[in-house]
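See below for the structure under consideration.
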Amino acid sequence: MLDFLPAPLKGTFAALLILCNTLVLFPVLLVFALLKLVLPLNPVRKACTVILNNIAWVWIGFNNLLMDFLHKVTWDVRGVENLSREHWYFVTCNHQSWADIPAIQYVLNSRIPLLKFFLKKQLIWVPFLGVAWWALDFPFMHRHTKEQIAKRPELKGKDVAATQAACEKFRYTPVTIFNFMEGTRFTPEKHERQNSPYRHLLKPRAGGTAFVLGTMGEMIHTMLDVTIVYPDGRAGFWDYLCGRIRRIIIEVRTREIPAEFLGMDYENNRETRVAFQRWVSEIWAEKDQRIEELKSEHGV
């Protein structure tokens, strides 16, 4: 435990060790990624996927151990007792800062399948990261704008079909899809600009979640509704690395997704769209109230 060290020194030490962890594991990941690419046989791809996911779990696990070694954080974690790595999940969370992702990985790593994000297909060309995302089967979205569809009506529906095809591999391999419904980090300025009806949250953007459930509804039936609270005030990723975040509350609520929203046509079915937006708004209202209760419990 090196919590006694000055915060900037701990942050620098943490960043360097995470970089070393990445440099050690990335070549190993690259070997199996190339194997997966040049031998596109189902047994080989499935075996490589298992190995690649384990490499990612090791990477996250090392980073988590590093945080325990460098910092003294009081974790208040609730609702993770019955989770499984053999189940398919959709995960959403209120978005306070960039510390949210490593904090959620700290709590959920090895309890559920590896967290994966829907990415724009152009991101596959990002050096190093694009290869890692592809190797780890992060789903790349094929989205057409309304303007493109207006010019070429034959494109309508092809984005969902292409993404569904890309997600077929998840039919036999459990996966967790992660999405911040607010779409951006909470700040008082954004809250005021939106005229948000919630005290602690921005308005949720239902469209992204609807796209996931419309694309993967046959596989994902369960939502993990994660609420994260920093009792000592919102802080950033550098503060997390430096150990300035001393208390973190993470509560996970398991929700079964209503059958009517699985595989739904959100864009073209107005009735479904209104019902889904109402459902999301109810979840967000409950989350807002729960944040208030959790803050009160911790004297905030």
Which atom pair, heavy atoms only, marks the closest approach of [X] to [Y]?
X	Y	answer
Ala206	Gln277	CB-CG, 4.1 Å
Leu136	Ala56	CD2-CB, 4.0 Å
Ile249	Pro231	CD1-CG, 3.6 Å
Ala132	Leu29	CA-CD2, 3.9 Å

Please answer whether the main-chain N or O of [Y] pairs with a side-chain N or O of [X] as donor and acceptor at a distance below 3.5 Å.
X	Y	result
Trp134	Ala33	no
Thr176	Pro113	yes
Asn54	Val50	yes
Ser196	His191	no
Lys36	Val31	no
Lys10	Asp3	yes
Arg111	Val107	yes
Asp239	Gly236	yes
Gln194	Lys203	yes
Arg273	Tyr266	yes

Answer with yes or no whether the side chains of [Y] and [X] bring together a donor and an acceptor at under 3.5 Å.
X	Y	value
Asp100	Tyr230	yes
Lys190	Thr184	yes
His298	Asp76	yes
Thr222	Glu256	yes

[X] and [Y] ion-paired at < 4.0 Å:
X	Y	result
Asp288	Arg199	no
Glu293	Arg290	yes
Arg247	Asp232	yes

Q: Answer yes or no: are there more than 12 heavy-atom neighbours, outside Lys72 itself, under 6.0 Å from its atom NZ?
A: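 No, the 6.0 Å shell around NZ holds no more than 12 heavy atoms from other groups.
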Q. Are there more than 12 heavy atoms of other residues, nucleotides or ligands under 6.0 Å from atom CD of Glu297?
A. yes
Q: Would you please indicate yes or no on a ring centroid separation below 6.0 angstrom for Tyr106 and Trp75?
A: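 So the answer is yes for these two rings.
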Q.
Please confirm whether the ring centroid of His95 lies under 6.0 Å from the ring centroid of Phe186.
A. no
**Q.** Passing candidate, side-chain contact (heavy atoms from CB on, under 4.5 Å) with Asn179, options Phe117, Phe118, Phe90
**A.** Phe90
Q) Given the rule that I, L, V, M, F, W and Y join up when any side-chain heavy atoms are under 4.5 Å apart, are Val58 and Leu129 in one cluster? A) yes
